[in-house]
Amino acid sequence: MNNTIKFIQKTGIALAFIGGTFIFSGCNSEEFLNPVPITTISDASAFATPARILNQVNGLYNNIQSGQVYGGRFQVYHDIRGEEFLNETTNGVTGFQTWNHTLVASANEVNNLWNQVYFTINNCNLFIEGVEANKAILGNDALANNYIAEARFIRGLCYYTLLTLYSRPFADGNGSKLGVPLRLKGEKSDGGNDLARATVAETYAQILEDLNFSETNLPANYSSALLNTTRAHKNTAIAVKTRVYLSMQRYSDVITEANKLVPAAAPFKAASGVAHELQADIAKTFGPPHTTTESIFSIPFTENDLPGTQNGLGSYYNPGPRGIGDFSLNLTAAGIINNAAFNAGDARKKFTTTVGTKTYLSKFPLGPQHLDYAPVIRYAEVLLNAAEAIARTSGVNDRAIALLNAIRTRSDASKTFTAADFADTNAFISALLLERRMEFLGEGLRSLDCTRLLLPIPGKANVATILPTQPDYIWPIPQGELIANKLCLPNN
């Protein structure tokens with residue numbers, strides 16, 4: 001038997017196998033910046049040395065670095081489902097069907113993202129089982145649990161990724177609707193294809209189990225700012241939990257998690273682990289070296305390790321198609337760019353470029369190769385997650401206002417909110433959601449904010465508003481999964 005790898009793409013597991021052989025790709029450098037070619041190793045040797053085990057850890061991060069997921073397209077899909085961008089090219093590669101809500105089960109984006117995410121999940125499962133069986137090789141149980149925690153963090157993030165697109169929001173039926181197939185064992189053949197969808201609540205429970213394990217077993221920090229940004233540590237798991245609990249509308253739990261990273265009063269800076277805090281100048285968060293303490297988790301790229309053709313954030317948002325961008329999504333005049341709250345003095349307006357009559361997002365300008373790191377979660381989000389949760393549980397108090405002001409005044413010193421600005425909690429929430437649109441433009445949170453709250457997805461141009469009751473409110477289950485997995489039900 002040779003070491004050739006056969007990719008089985010007919011199911012979301014996206015298995016890579018021949019007999020007892022499986023695959024992990026990654027980097028030899030602990031800095032994740034010098035990737036080695038994809039290698040194949042047998043079961044007998046995959047966990048033979050500590051170096052090989054670490055290389056597989058790096059490979060798991062490489063899996064979600066794919067342009068089909070957190071290398072760019074996941075963030076883009078969630079933004080272009082909303083109202084901020086116009087699609088210039090009407091090309092399928094640009095996510096045109098996602099933009100105008102005409103996706104079908106056979107669409108490339110529906111199948112490609114699903115397959116890559118389940119490929120990553122399966123590699124996480126294989127790795128977890130392999131380390132559990134070979135802890136003696138490392139000779140350090142704490143290190144073994146650290147590695148397992150990284151795999152479980154990635155697996156938990158993957159399942160959350162799937163829920164945000166393919167399943168009804170938790171608020172619709174308190175998690176009782178269909179989630180996704182919950183695969184927790186490594187597969188080396190296609191014999192385990194048939195698996196029914198878990199409920200949304202069951203899937204979220206597994207996500208939280210993975211993230212809680214990760215928080216317990218991940219290190220407080222690493223040896224460099226680069227690793228603290230591109231590799232999961234305790235505060236990474238905590239930050240992602242604030243997003244997960246917000247999606248479940250478990251606001252007291254959002255506060256509990258946020259309190260681990262956010263002091264009771266300004267200045268806001270994490271007191272343990274990596275000292276996360278806002279940058280005084282928001283531009284420093286996105287420019288090289290992309291490793292400030294505001295960037296809790298980002299996907300890195302170098303000239304030798306790119307997100308792939310037409311996948312990077314700059315491919316979509318920068319002026320194009322003959323500029324740095326491969327194709328362009330310009331900002332719609334009816335969106336946040338011309339909202340009265342987003343005034344000309346706001347530092348975040350500097351992330352826009354006007355070409356002729358069109359305005360583009362230039363938050364990710366490095367090109368022609370797209371070397372900007374892809375943000376997954378920033379400290380700014382944790383602050384706003386906490387502010388929203390506080391307001392929803394305790395009303396509009398001083399701490400909620402201070403957290404909102406930390407984001408607003410960092411970019412726009414002309415406006416400091418006071419309690420008098422808000423007639424009630426709903427007024428505060430409206431202001432906060434508006435702030436999120438300005439702060440996270442191009443970072444993949446817009447349609448997620450709509451769906452977690454069961455709000456309509458606003459229309460744009462000739463695309464109608466999508467109501468929570470409509471089938472297009474979420475993506476269809478991929479055709480490839482439905483063919484291979486006889487127990488998987490489609491979305492209605």
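Note that the numbering runs from 1 along the sequence shown for the chain. Quantities reported herein were computed from a predicted structural model and do not represent experimental measurements.
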- Query: Heavy-atom distance under 4.5 Å between the side chains of W114 and W475, does that happen here?
  - Reply: no
- Query: Does the gap between the ring centers of Y373 and F364 come in under 6.0 Å?
  - Reply: no
- Query: Does the side-chain contact (heavy atoms from CB on, under 4.5 Å) test come out yes or no for T393 and V254, once each step is laid out?
  - Reply: CA-CA 10 Å; T393 56; V254 175; over 6 Å; no
- Query: Taking the side chain as C-beta and beyond, is there a heavy-atom pair between L103 and D472 under 4.5 Å?
  - Reply: no
- Item | Pairwise side-chain contact, E435 with I407, heavy-atom cut-off 4.5 Å (strictly under) | yes
- For Y204, does its backbone N or O pair with a side-chain atom of Y160 as donor and acceptor, under 3.5 Å? no
- Report yes if some heavy atom in the side chain of I282 is under 4.5 Å from a heavy atom in the side chain of F351; otherwise report no. yes
- Message: Looking at every non-hydrogen atom in both residues, tell me the closest pair between A151 and L60 and how far apart they are.
- Response: CB-CD1, 3.7 Å
- Message: One thing to verify: whether E257 and K241 come together as a salt bridge, which I'm taking to mean a side-chain N less than 4.0 angstrom from a carboxylate O.
- Response: yes
- Message: Evaluate R197 against N491 for side-chain hydrogen bond (donor to acceptor under 3.5 Å, both in side chains), listing each step before the verdict.
- Response: CA-CA 11 Å; R197 296 169 67 180; N491 288 329; 3.0 Å; yes
- Do the side chain of R81 and the main chain of Y473 share a donor and acceptor less than 3.5 angstrom apart? yes
- Message: Can a side-chain donor-acceptor contact be found between D412 and N343 if the only test is distance below 3.5 angstrom?
- Response: yes
- Query: Is the backbone of N63 close enough, under 3.5 Å, to the side chain of Q116 for a donor and an acceptor to pair up by distance?
  - Reply: yes
- Closest non-hydrogen atom pair between Q75 and A374, with its separation: NE2-CB, 3.7 Å
- Item | salt bridge (charged side-chain N to carboxylate O under 4.0 Å, His left out) between E294 and R410, intermediate numbers included | CA-CA 13 Å; E294 183 168 343; R410 186 256 294 265; 2.9 Å; yes
- Heavy-atom side-chain proximity of F440 to D79 below 4.5 angstrom: no
- Item | N/O donor-acceptor pair under 3.5 Å between S411 side chain and D346 backbone | no
- Message: side-chain hydrogen bond (donor to acceptor under 3.5 Å, both in side chains) for N100 and T102? Distances and angles first, verdict last.
- Response: CA-CA 6 Å; N100 66 8; T102 58; 2.6 Å; yes
- Query: Any donor-acceptor pair under 3.5 Å linking the side chain of T451 with the backbone of L454?
  - Reply: no
- Heavy-atom nearest pair, T418 first then I401, reads C-CD1, 4.1 Å
- Task: State, yes or no, whether a side-chain contact exists between T293 and Q279 at a heavy-atom distance under 4.5 Å.
- Result: yes
- Message: Salt bridge check, D421 against K415: does any charged N sit closer than 4.0 Å to a carboxylate O?
- Response: yes
- Query: Distance-only, no hydrogens or angles: does the K349 side chain make a donor-acceptor pair with backbone N or O of F342 under 3.5 Å?
  - Reply: yes
- Task: Answer yes or no: is there an ion pair linking E277 with K284, defined by an N-O contact shorter than 4.0 Å?
- Result: no
- side-chain hydrogen bond (donor to acceptor under 3.5 Å, both in side chains) assessment of T229 paired with T291: CA-CA 6 Å; T229 304; T291 56; 5.0 Å; no
- Aromatic ring proximity F286/H290, centre distance under 6.0 Å: no
- Mark yes or no for whether T216, through its side chain, and N212, through its backbone, hold a donor-acceptor pair below 3.5 Å. yes
- Message: Any side-chain to backbone donor/acceptor pair from T242 onto A258? Under 3.5 Å, distance only.
- Response: no
- Test log, rule side-chain contact (heavy atoms from CB on, under 4.5 Å), inputs L448 and S247: CA-CA 8 Å; L448 196 158; S247 295; 4.0 Å; yes
- Query: Should P471 and P476 count as side-chain neighbours, where that means a heavy-atom distance under 4.5 Å?
  - Reply: no
- Could you go step by step and tell me if K486 and E481 meet the salt bridge (charged side-chain N to carboxylate O under 4.0 Å, His left out) rule? CA-CA 8 Å; K486 304 305 181 186; E481 181 72 14; over 6 Å; no
- Item | K363 to Y317 six-membered ring, cation-pi geometry met (6.0 Å, 45°) | no
- Task: Sorted by first residue and then second, give each ring-ring contact (aromatic ring centres under 6.0 Å, His included) pair with at least one member in residues 242-284; sequence neighbours left out.
- Result: H233-H276
- Item | Stepwise salt bridge (charged side-chain N to carboxylate O under 4.0 Å, His left out) test for E215 and K234 | CA-CA 5 Å; E215 179 189 354; K234 287 183 184 297; over 6 Å; no
- If you look at every heavy atom in D424 and V396, which pair is closest and at what distance? O-CG2, 4.1 Å
- Item | Heavy-atom closest pair, residues L313 and G442 | CD2-O, 4.3 Å
- Message: If I take atom CG from residue L467 and atom CG from residue L455, how far apart are they, to the nearest 0.5 angstrom?
- Response: 11.0 Å
- Rounded to the nearest 0.5 angstrom, the OG1-OH distance for T203 and Y159 is 8.0 Å
- Item | Distance in Å, I390 CD1 paired with L404 CG, rounded so as to fall on 0.5 Å steps | 11.0 Å
- Query: Is there a side-chain hydrogen bond (donor to acceptor under 3.5 Å, both in side chains) between R73 and Y316 once you walk through the steps?
  - Reply: CA-CA 9 Å; R73 285 183 181 257; Y316 289 86; 3.0 Å; yes
- So how far is it from N228 CG to S295 OG, rounded to the nearest 0.5 Å? 11.5 Å
- Query: R155 pairs by side chain to side chain donor-acceptor pair (under 3.5 Å) with which of N123, N122, T120, D210?
  - Reply: D210
- Any side-chain heavy atom of W99 within less than 4.5 Å of one from T94? no
- Going through the distances and angles, do V69 and V117 end up as a side-chain contact (heavy atoms from CB on, under 4.5 Å)? CA-CA 7 Å; V69 194; V117 170; 4.0 Å; yes
- Would you say N125's side chain and R183's backbone share a donor-acceptor pair under 3.5 angstrom? yes
- Mind listing the closest non-hydrogen atom pair of L278 and Y379 along with its distance? N-CD2, 3.7 Å
- Under the criterion side-chain contact (heavy atoms from CB on, under 4.5 Å), which of E381, R408, R378 is the partner of E439? R378
- Message: For a quick check under 3.5 Å, do Y360 and T354 share a side-chain donor-acceptor pair by atom type?
- Response: no
- With the threshold set at 4.0 Å, does a side-chain nitrogen-carboxylate oxygen contact exist between E388 and R452? yes
- Message: Nearest 0.5 Å, please: how far is CZ in R437 from CD in E84?
- Response: 4.0 Å
- Message: Given 3.5 Å as the limit, does a donor-acceptor pair link the side chain of R168 with the main chain of I474, or not?
- Response: no
- Note on the structure: Rounded to the nearest 0.5 Å, the CD1 atom of I429 sits from the CG atom of L434 at a distance of 12.5 Å
